[in-house]
2 protein chains.
Amino acid sequence: MTETTSRKTAPIRVQLLEAAEAAVLAKGFNATSIDELIMAVGISKSGFFYHFKDKAALARALLERYVEAENVLFDEVSRRATELSEDPLHGFLVELKMLAEVMQDIPNGHPGCIIASYCYQDRLFDDDVRQLTANALLGWRHRFKARLERIAAVYPPRIDVDLDDLADMISALADGGIILSKVMRNPDLLPRQIMLYRAFVRAVFLGN
Amino acid sequence: MTETTSRKTAPIRVQLLEAAEAAVLAKGFNATSIDELIMAVGISKSGFFYHFKDKAALARALLERYVEAENVLFDEVSRRATELSEDPLHGFLVELKMLAEVMQDIPNGHPGCIIASYCYQDRLFDDDVRQLTANALLGWRHRFKARLERIAAVYPPRIDVDLDDLADMISALADGGIILSKVMRNPDLLPRQIMLYRAFVRAVFLGN
DNA sequence: CGCGATACTGGACTCGTGGTACATTTTGCG
DNA sequence: CGCAAAATGTACCACGAGTCCAGTATCGCG
């Protein structure tokens with residue numbers, strides 16, 4: 001019934017989060033006014049405070065929603081890739097290619113990473129929110145490290161790298177690639193960096 | 001006479017820029033108030049507007065100062081590295097190691113990249129400022145691509161990569177690494193990502 | 001010595017907007 | 001109906017950007 005891309009209008013709360021996400025990624029959290037959000041979805045200021053007790057609650061909800069969505073995406077891509085291949089290395093290489101394609105297919109390029117945005121404004125948030133961002137990155141490290149370890153068990157690394165670092169590298173390149181793409185106004189740069197990462201992984205485990 | 005790290009108090013304008021840089025990297029540009037800056041350096045509001053005609057002028061000056069400083073750093077490291085080695089590949093590998101060490105040696109970790117910060121708040125700035133950020137990244141692409149081309153002329157690449165992408169990768173990893181370090185509160189993550197990049201460059205041109 | 005820049009101080013005032021509180025009302029639904 | 005969910009309206013305060021202007025301290029310099 002409730003599709004992810006619903007035809008009918010989404011609940012107000014979700015509309016608020018969507019408007020907020022776009023605004024925060026374009027102007028930062030502090031410069032995102034509650035007024036503009038309520039204008040965008042057509043409710044009153046009091047209506048906003050019915051859904052979020054204050055602006056900090058919006059910040060947290062925004063972050064949770066973003067992390068959740070990313071995890072769903074990673075799960076999905078990972079699932080599809082492992083279906084296609086028994087071999088852990090081959091499967092991971094397929095996964096990375098899929099990831100690059102997903103990034104490539106976003107109409108105006110990746111809109112931005114909430115974690116990166118928050119990171120550069122972290123004094124605006126409480127420790128709770130900061131902890132959530134750190135945990136999200138930690139989760140991705142574990143996710144990718146697990147895959148890398150399964151690969152390393154079959155393909156002994158030809159290059160001496162720490163698997164934690166190699167797992168973190170995908171997060172770093174994603175965030176860095178998004179920044180490159182946004183600043184240089186070229187959506188291709190992000191997927192290209194992902195493909196470079198793929199080439200590196202290949203070199204580490206395959207030696208070419 | 002005028003040293004970069006002067007013992008005497010820096011000119012007010014520079015003090016303002018320093019205070020602004022720290023605040024902007026911690027809270028974002030919009031949340032950085034003129035009031036807090038003048039409190040920090042101990043001048044009046046009128047004093048601020050004597051130095052900067054408005055807040056936008058501060059934003060631009062901050063960016064220019066940052067880009068300038070980074071370029072000086074890159075020039076310096078590059079110069080020292082090329083002095084140590086005739087071979088372009090070896091020289092570049094030395095340079096990357098030095099870069100990682102510089103990042104390692106920053107007391108509380110890298111404070112953050114103004115370009116990344118501005119990128120996530122770009123609607124706050126005019127086209128002029130956005131152009132400056134794009135040009136800075138473009139400059140770094142050219143800088144590193146030139147080095148990579150000189151390497152490729154001697155060491156034919158063993159892995160098929162686009163040199164523009166490989167040049168961009170250092171910017172992406174730097175920005176991504178800074179985010180990793182800040183979010184996870186581990187200053188080591190940035191230099192480690194730089195060293196991973198180094199390993200990749202080595203693999204591309206040396207095959208291991 | 002005194003002229004004129006440079007580098008500010010002080011104060012008063014406008015304007016817009018963010019954030020909050022609270023009392024009240026509409027809407028949907030069993 | 002009757003109750004809860006989902007709002008509305010209104011009033012209020014604090015604060016930050018920006019403007020204007022009149023005044024002052026400190027220089028270097030002819």
Side-chain angles (χ1 to χ4, degrees), chain A residues 1-2 6 8-63 65 117-118 121-126 128-129, chain B residues 1-2 6 8-63 65 117-118 121-126 128-129:
Chain A
M1 278 304 151
T2 40
S6 152
K8 278 284 163 200
T9 55
I12 292 288
R13 190 188 148 91
V14 173
Q15 286 187 53
L16 282 171
L17 287 171
E18 282 166 359
E21 179 162 321
V24 166
L25 291 175
K27 308 188 294 191
F29 184 75
N30 186 73
T32 296
S33 74
I34 293 173
D35 271 324
E36 76 179 285
L37 301 180
I38 64 182
M39 300 281 269
V41 311
I43 61 167
S44 69
K45 206 166 183 175
S46 318
F48 174 88
F49 287 103
Y50 171 75
H51 291 287
F52 303 99
K53 86 174 228 285
D54 56 19
K55 217 187 167 191
L58 174 70
R60 177 169 315 146
L62 202 53
L63 177 59
R65 197 180 91 108
S117 173
Y118 280 23
Q121 306 171 55
D122 67 347
R123 282 294 113 79
L124 299 178
F125 308 109
D126 49 32
D128 201 8
V129 166
Chain B
M1 278 306 152
T2 40
S6 152
K8 278 284 161 200
T9 57
I12 293 289
R13 191 189 148 91
V14 173
Q15 287 188 53
L16 282 171
L17 287 170
E18 282 166 357
E21 181 162 319
V24 166
L25 290 175
K27 307 188 295 192
F29 184 74
N30 187 72
T32 297
S33 73
I34 292 173
D35 275 326
E36 77 180 281
L37 302 180
I38 65 181
M39 300 280 269
V41 309
I43 62 167
S44 68
K45 203 167 186 176
S46 320
F48 175 87
F49 286 105
Y50 172 77
H51 290 288
F52 303 100
K53 85 175 230 288
D54 54 19
K55 216 187 168 189
L58 174 71
R60 178 168 315 145
L62 201 53
L63 177 58
R65 196 181 92 108
S117 172
Y118 279 25
Q121 306 171 54
D122 67 345
R123 282 293 112 79
L124 300 179
F125 308 108
D126 50 31
D128 201 8
V129 166

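Each chain gets a letter, A, B and so on, in the order its sequence line appears, and its residues count up from 1. Any value given below was found using the heavy atoms of this structure, including those in side chains, with hydrogens, waters and symmetry copies removed.
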Which pairs count as salt bridge (Lys or Arg N to Asp or Glu O under 4.0 Å) when at least one residue sits in residues 38-53 of chain A, sequence neighbours excluded?
none

Run the salt bridge (charged side-chain N to carboxylate O under 4.0 Å, His left out) test against Lys27(A) and tell me which residues pass, sequence neighbours left out.
Glu36(A)

Span of DNA chain D in contact with chain B (heavy atoms, under 4.0 Å)
dG16(D) to dT19(D)

Which nucleotides of nucleotides 22-30 of chain C have their base under 4.0 Å from a protein heavy atom (B), which only their sugar-phosphate (S), and which neither (-), written as one string 5' to 3'?
---------

Mind checking salt bridge (charged side-chain N to carboxylate O under 4.0 Å, His left out) for Asp126(A) and listing every partner two or more places apart, or none if nothing turns up?
Arg60(A)

Near DNA chain C, which residues from residues 11-41 of chain B have a heavy atom under 4.0 Å away?
Ile12(B)

My understanding is that only residues two or more places apart in sequence, or in another chain, count here; which of them pass side chain to side chain donor-acceptor pair (under 3.5 Å) with Thr32(A)?
none

List the residues meeting ring pair (Phe, Tyr, Trp, His ring centres under 6.0 Å) with Phe125(B), not counting sequence neighbours, and say none if there are none.
Phe29(B), Tyr118(B)

For Arg123(A), the salt bridge (charged side-chain N to carboxylate O under 4.0 Å, His left out) test, sequence neighbours excluded, returns none

Does His51(B) make a side-chain N or O approach to OP1 or OP2 of dC8(C) shorter than 4.0 Å?
yes

Is there a donor and acceptor pair, one atom on the side chain of Lys45(A) and one on the base of dG19(C), closer than 3.5 Å?
yes

Which pairs, protein N/O on one side and nucleotides 3-6 of chain C N/O on the other, fall under 3.5 Å?
none

Can you name the residues that form a salt bridge (charged side-chain N to carboxylate O under 4.0 Å, His left out) with Glu18(A), not counting sequence neighbours?
none

To the nearest 10°, give me the bend of the helix from dC1(C)-dG30(D) to dG30(C)-dC1(D), comparing the axes of its five terminal pairs at either end.
10°

